[in-house]
Peer 1: 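Could you have a look at this structure, given as structure tokens, before my questions?
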Amino acid sequence: MAMIRPFGRGAWWDCGLVLYLCTLFVSSGEGLLFKFASVYGDHMVLQQAPHRAVVWGQGDPGSNVTVRITPGDSEFKTVNSDAGVWNVTLDPMKAGGPYTVKAIQYFKGPTPLAVVIELDDLMFGDVWVCSGQSNMQFTVMMGFNSTEEILAANNYPNIRLFTAGLVGSDTPLSNLDRVEQPWSVASAASVGGGMWNYFSALCWFYGRDLYDTLQYPIGLVASSFEGTPIEYWSSPEVLKKCNVNDTLPKKDKLSTDLPKHIPIVSGDNQNSVLWNAMIHPILNMTIKGAIWYQGESNADHPDSYLCLFPAMIDSWRSSWYLGTGGQTDPTFPFGFMQISGNVPGSTNLGYPEIRWHQTADYGYVPNPKMEKVFMAVAMDLWRPDSPWLTVHPQDKQDMGTRLSLAARAVAYGDKNIKFQGPFPSSLELGSSTVVVQYGPEAGHIEVRSTGGFEVCCSSVKNTCDEATAAWVEAPMVHTIHPNATNSITVSTDNCHKIVTAVRYAWRETPCGFKMCPVYGMGSMQVPLPAPPFIMYMRVPQG
């Protein structure tokens, strides 16, 4: 709401009652309305201490602006820039609320006037951005137990939700061009806003699980767009660094049952259009971190993901740091879902290569190339009966639980949280077997199904080159019982040459629902699947 007040008088004029005067005085000579940026609104969450929240908007160039927070006596002064943008950085605020933020713009003249706009029912807490393609856009209404989950949202009034509208741009925008869902208190209505609209299921379950642990306000900003490759979300600087061409195919073979939004802008070059329109406009808002679910639309050209994904994360971090004047951590925590399965029985290697490149070819995060990055495995959450195509798992609850466990460890520093599935520490080659030894952090592993392992059978030692090697199945020698051991032995009988490497779960859809071969037990008794890996033999052979 905006109000105007002549100086020296006690009465305020309500814009709802004095529409003509408000139009006259709230608008500048250039037609710029005095307003908050579109990512701000009643009921929102601002980032808590130790960070300082940034509040900004538009107004009359050169005019003075004062921002006040109540309850309390905090006051911040600034001046609208020549471009008509004002910006203040608040003091660090502890989690809690509600608060009201008032912004006052002062006009000079024979009868000086002040225009007041305000944000009500604000909370301070942690703000998380949720981005990616259709598996992030996929809404609570479309998932498992949707009726019960939507009704349960009424129990979380301290979680606040915002959904950016679907829009692209050839150039970076300073403000969101479209808002699908303004800031809302979590409720059945705000969480159950329809199919593909709001609210993001993964974003919701992730934030809900965090809230259950942290017990202070959580703000969730959903900014995702179905059927989009990572190139659309990357800045031109990232694309240049990774030597990416200017054009990509506009087809989206995964989205045959979704609304058609491609091409997003006119012309052949679609790269950076979502960075410009759905990320750049929110870079001035202080955040705690971001989560990401994307990669399926890069499976037909996976090689560039190895450079693009870490570079995009670095770019988002540095841009948010600069956009908020240093108030967002320059290495803010960034979480992602490894992509799930899709076509059963497919031998296409695009999906496993994307999963591997999502970790910068380490197989796990955090790692030296991806610090303060966390992930959750989803390849076992695929189901053949999903009504939204097999590429869209309905079980976003388990995804949210796994990802929030990782966030508690990496983003919030809880060293007691076990958040990673078993990962091998070494390979031991025998005469006809390989022993895959898992690290001590895995604890005792559980085998739920056989298979999943392959060995590279090469005519040249210490290499696994396509021209001289082939991958062959390596069956488990014997299955083990839960809580029995932390190693698995596989047979190399199918290889009549030199075994140079072992890989695991290297298929588009490597296992059935919660039935991958290897699991460990995470915190809160959450079973965690082992991630895919490739590991090379470290000893000279034959």
Peer 1: To the nearest 0.5 Å, how far apart are CE in M285 and CH2 in W56?
Peer 2: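 Rounded to the nearest 0.5 Å, the CE-CH2 separation comes to 10.5 Å.
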Peer 1: Check the pair W183 / F162 against ring pair (Phe, Tyr, Trp, His ring centres under 6.0 Å), numbers first and verdict last.
Peer 2: CA-CA 5 Å; W183 280 100; F162 178 93; 5.6 Å; yes
Peer 1: For F36, give me all partners under ring pair (Phe, Tyr, Trp, His ring centres under 6.0 Å), at least two apart in sequence or on another chain.
Peer 2: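 So F36 forms a ring pair (Phe, Tyr, Trp, His ring centres under 6.0 Å) with W86.
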Peer 1: Scan for salt bridge (charged side-chain N to carboxylate O under 4.0 Å, His left out) pairs involving residues 342-361, sequence neighbours excluded, and state none if there are none.
Peer 2: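 For residues 342-361: none.
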Peer 1: Is W275 close to Y232 at the side-chain level, that is, under 4.5 Å between some pair of heavy atoms?
Peer 2: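 The answer is no, as the side chains (C-beta and beyond) never meet within the 4.5 Å cut-off.
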Peer 1: Under the criterion side chain to side chain contact (heavy atoms under 4.5 Å, CB included), I'd like the reasoning laid out for F199 against L220: C-alpha separation, chi angles, the key distance, then a yes or no.
Peer 2: CA-CA 10 Å; F199 192 70; L220 301 173; 3.7 Å; yes
Peer 1: How about F336 and F309: are their ring centroids closer than 6.0 Å?
Peer 2: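 Yes.
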Peer 1: What heavy-atom pair brings L210 and A407 nearest, and what distance separates the two atoms?
Peer 2: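 That closest heavy-atom pairing would be CD2-CB, 4.2 Å.
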Peer 1: Please list, one pair per line, the donor and acceptor atoms closer than 3.5 Å that link side chains of residues 288-295 to other protein atoms, with sequence neighbours excluded.
Peer 2:
{"residue": "W292", "atom": "NE1", "partner": "Y305", "partner atom": "OH", "Å": "3.4"}
{"residue": "Q294", "atom": "OE1", "partner": "Y305", "partner atom": "OH", "Å": "2.7"}
{"residue": "Q294", "atom": "NE2", "partner": "Q133", "partner atom": "OE1", "Å": "3.2"}
{"residue": "Q294", "atom": "NE2", "partner": "T228", "partner atom": "O", "Å": "3.0"}
{"residue": "Q294", "atom": "NE2", "partner": "N298", "partner atom": "OD1", "Å": "2.8"}

Peer 1: Mark yes or no for whether E508, through its side chain, and P344, through its backbone, hold a donor-acceptor pair below 3.5 Å.
Peer 2: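 Answer holds: no.
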Peer 1: I'd like to know if D329 pairs up with R317 as an ion pair, taking the criterion as any Lys NZ or Arg NE/NH1/NH2 lying under 4.0 Å from an Asp or Glu carboxylate oxygen.
Peer 2: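 Salt bridge flag = no for R317 with D329.
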Peer 1: Might you point out which heavy atoms bring I150 and V140 nearest each other, and give the distance in Å?
Peer 2: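 Minimum heavy-atom separation between I150 and V140: CG1-CG1, 3.8 Å.
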Peer 1: Residues two or more places apart in sequence or in another chain: which of them pass ring pair (Phe, Tyr, Trp, His ring centres under 6.0 Å) with Y211?
Peer 2: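 If we apply the ring pair (Phe, Tyr, Trp, His ring centres under 6.0 Å) test to Y211, skipping adjacent residues, the hits are Y156.
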Peer 1: Which atoms form the tightest heavy-atom contact between P532 and M379, and what is the distance?
Peer 2: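 So the two residues come closest at CG-SD, 3.8 Å.
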Peer 1: Between P366 and F419, which heavy-atom pair has the shortest distance, and what is it?
Peer 2: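 Heavy atoms of P366 and F419 come nearest at CD-CZ, 4.4 Å.
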Peer 1: Verify side-chain hydrogen bond (donor to acceptor under 3.5 Å, both in side chains) between Q47 and T286, making sure each step is shown before the conclusion.
Peer 2: CA-CA 6 Å; Q47 184 57 43; T286 310; over 6 Å; no
Peer 1: Any chance the side chains of Q397 and E149 put a donor and an acceptor closer than 3.5 Å?
Peer 2: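 Present: a donor and an acceptor within the cut-off.
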Peer 1: Is it true that a side-chain atom of N145 and a backbone atom of E148 form a donor plus acceptor pair closer than 3.5 Å?
Peer 2: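 Between the backbone of E148 and the side chain of N145 there is no qualifying donor-acceptor contact (under 3.5 Å).
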Peer 1: Should we count OH of Y321 as having more than 12 external heavy atoms under 6.0 Å?
Peer 2: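 For Y321, atom OH is not crowded (no more than 12 foreign heavy atoms under 6.0 Å).
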Peer 1: For the residue pair Y438 and V436, establish whether any side-chain heavy-atom pair is separated by less than 4.5 Å.
Peer 2: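 A side-chain contact exists here, since the closest heavy-atom pair is under 4.5 Å.
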Peer 1: Apply side chain to side chain contact (heavy atoms under 4.5 Å, CB included) to the pair N462 and T500, showing each step before the final yes or no.
Peer 2: CA-CA 5 Å; N462 297 323; T500 58; 5.7 Å; no
Peer 1: To the nearest 0.5 Å, what is the distance between CD1 on I313 and OG on S318?
Peer 2: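 So the CD1 of I313 and the OG of S318 are separated by 12.0 Å.
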Peer 1: Counting distance only, does the side-chain N/O of S523 pair as donor-acceptor with the main-chain N or O of K418 below 3.5 Å?
Peer 2: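 Flag set: sc S523 to bb K418 pair under 3.5 Å.
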Peer 1: Between S200 and M136, is there a donor-acceptor pair closer than 3.5 Å when you use the side chain of the first and the backbone of the second?
Peer 2: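 Checking the backbone N and O of M136 against the side chain of S200, a donor-acceptor pair under 3.5 Å is found.
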Peer 1: Tell me if a side-chain donor or acceptor on T139 pairs with a main-chain N or O of A201 at a distance below 3.5 Å.
Peer 2: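 No, T139 side chain to A201 backbone: no donor-acceptor pair under 3.5 Å.
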Peer 1: Testing the basics here: between T390 and V343, what is the closest heavy-atom pair and its distance to 0.1 Å?
Peer 2: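 Of all heavy-atom pairs spanning T390 and V343, the closest is OG1-N, 4.3 Å.
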Peer 1: Any side-chain heavy atom of F513 sitting closer than 4.5 Å to one from D395?
Peer 2: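 Yes, side chains in contact.
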Peer 1: Are the aromatic ring centres of W128 and Y206 under 6.0 angstrom apart?
Peer 2: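 Centroid distance W128-Y206: below 6.0 Å, so yes.
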Peer 1: Strictly distance-based, threshold 3.5 Å: is any side-chain N or O of S234 a donor or acceptor partner for the main-chain N or O of I230?
Peer 2: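 Side chain of S234 to backbone of I230: a pair is present.
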Peer 1: I'd like to know if the side chain of Q181 pairs up with that of T163 as donor and acceptor (distance under 3.5 Å, no hydrogens or angles considered).
Peer 2: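 The answer is yes; a qualifying pair exists.
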Peer 1: Roughly how far, to the nearest 0.5 Å, is the CZ atom of R408 from the CD1 atom of I417?
Peer 2: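 Between I417 CD1 and R408 CZ, I get 3.5 Å after rounding to 0.5 Å.
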Peer 1: For residues 510-521, which residue pairs qualify under side-chain hydrogen bond (donor to acceptor under 3.5 Å, both in side chains), counting only residues two or more places apart or in two chains?
Peer 2: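 Pairs touching residues 510-521 that pass the test: D380-Y519, D398-K514.
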Peer 1: For I279 and W320: C-alpha separation, side-chain torsions, deciding distance, then whether side chain to side chain contact (heavy atoms under 4.5 Å, CB included) applies.
Peer 2: CA-CA 10 Å; I279 298 298; W320 243 293; 4.1 Å; yes
Peer 1: Are the side chains of P531 and Y504 in touch, meaning some heavy atoms are under 4.5 Å apart?
Peer 2: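 Result no, sub-4.5 Å side-chain heavy-atom pair not found.
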Peer 1: When you measure from the side chain of T328 to the backbone N and O of I287, does any donor-acceptor pair fall under 3.5 Å?
Peer 2: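 Pair found, side chain donor or acceptor close to backbone of I287.
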Peer 1: Please assess F453 against V518 for the test side chain to side chain contact (heavy atoms under 4.5 Å, CB included), listing each intermediate value before the final yes or no.
Peer 2: CA-CA 10 Å; F453 290 90; V518 183; 4.1 Å; yes
Peer 1: In Å, rounded to the nearest 0.5 Å, how long is the span from NZ of K396 to CG of L403?
Peer 2: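 Interatomic distance, K396 NZ to L403 CG, rounded to 0.5 Å: 12.5 Å.
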Peer 1: With no hydrogens and no angle check, is any side-chain donor or acceptor of N284 less than 3.5 Å from a backbone partner on T324?
Peer 2: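 No, because the side chain of N284 does not come within donor-acceptor range (under 3.5 Å) of the backbone of T324.
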Peer 1: How about W233 and N276: do any of their side-chain heavy atoms sit closer than 4.5 Å?
Peer 2: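 The answer is no, as the side chains (C-beta and beyond) never meet within the 4.5 Å cut-off.
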Peer 1: Which residues satisfy the ring pair (Phe, Tyr, Trp, His ring centres under 6.0 Å) test with W471, sequence neighbours excluded?
Peer 2: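 For W471 there are no ring pair (Phe, Tyr, Trp, His ring centres under 6.0 Å) partners, ignoring immediate neighbours.
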Peer 1: Between V185 and S190, is there a side-chain heavy-atom distance shorter than 4.5 Å?
Peer 2: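 No, too far: nothing below the 4.5 Å cut-off.
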Peer 1: Counting distance only, does the side-chain N/O of T509 pair as donor-acceptor with the main-chain N or O of N342 below 3.5 Å?
Peer 2: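 Here the side-chain-to-backbone pair exists.
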Peer 1: Any heavy-atom pair between the side chains of E371 and T331 that's under 4.5 Å?
Peer 2: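 No; the side chains remain at least 4.5 Å from each other.
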Peer 1: With a 4.5 Å heavy-atom cut-off, do L166 and E180 have their side chains touching?
Peer 2: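 No, their side chains stay 4.5 Å or more apart.
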Peer 1: How long is the gap from OG on S235 to NZ on K240, to the nearest 0.5 Å?
Peer 2: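 One gets 11.5 Å once the value is rounded to the nearest 0.5 Å.
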Peer 1: Of the non-hydrogen atoms in Q338 and Q358, which two are nearest, and what is the gap between them?
Peer 2: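 It is CA-OE1, 3.2 Å.
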Peer 1: Are W382 and H392 an aromatic pair by the rule of ring centers under 6.0 Å?
Peer 2: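 Centroid distance W382-H392: not below 6.0 Å, so no.
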Peer 1: Can you tell me how far CG of L528 sits from CG of L405, rounded to the nearest 0.5 angstrom?
Peer 2: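 The CG atom of L405 sits 6.5 Å away from the CG atom of L528.
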Peer 1: More than 12 foreign heavy atoms under 6.0 Å from NZ of K369: is that the case here?
Peer 2: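 No, because the 6.0 Å sphere around NZ of K369 holds 12 heavy atoms or fewer from other groups.
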Peer 1: Between the main-chain N or O of R383 and the side-chain N or O of S386, is there a donor-acceptor pair closer than 3.5 Å?
Peer 2: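 Not a single qualifying donor-acceptor pair exists.
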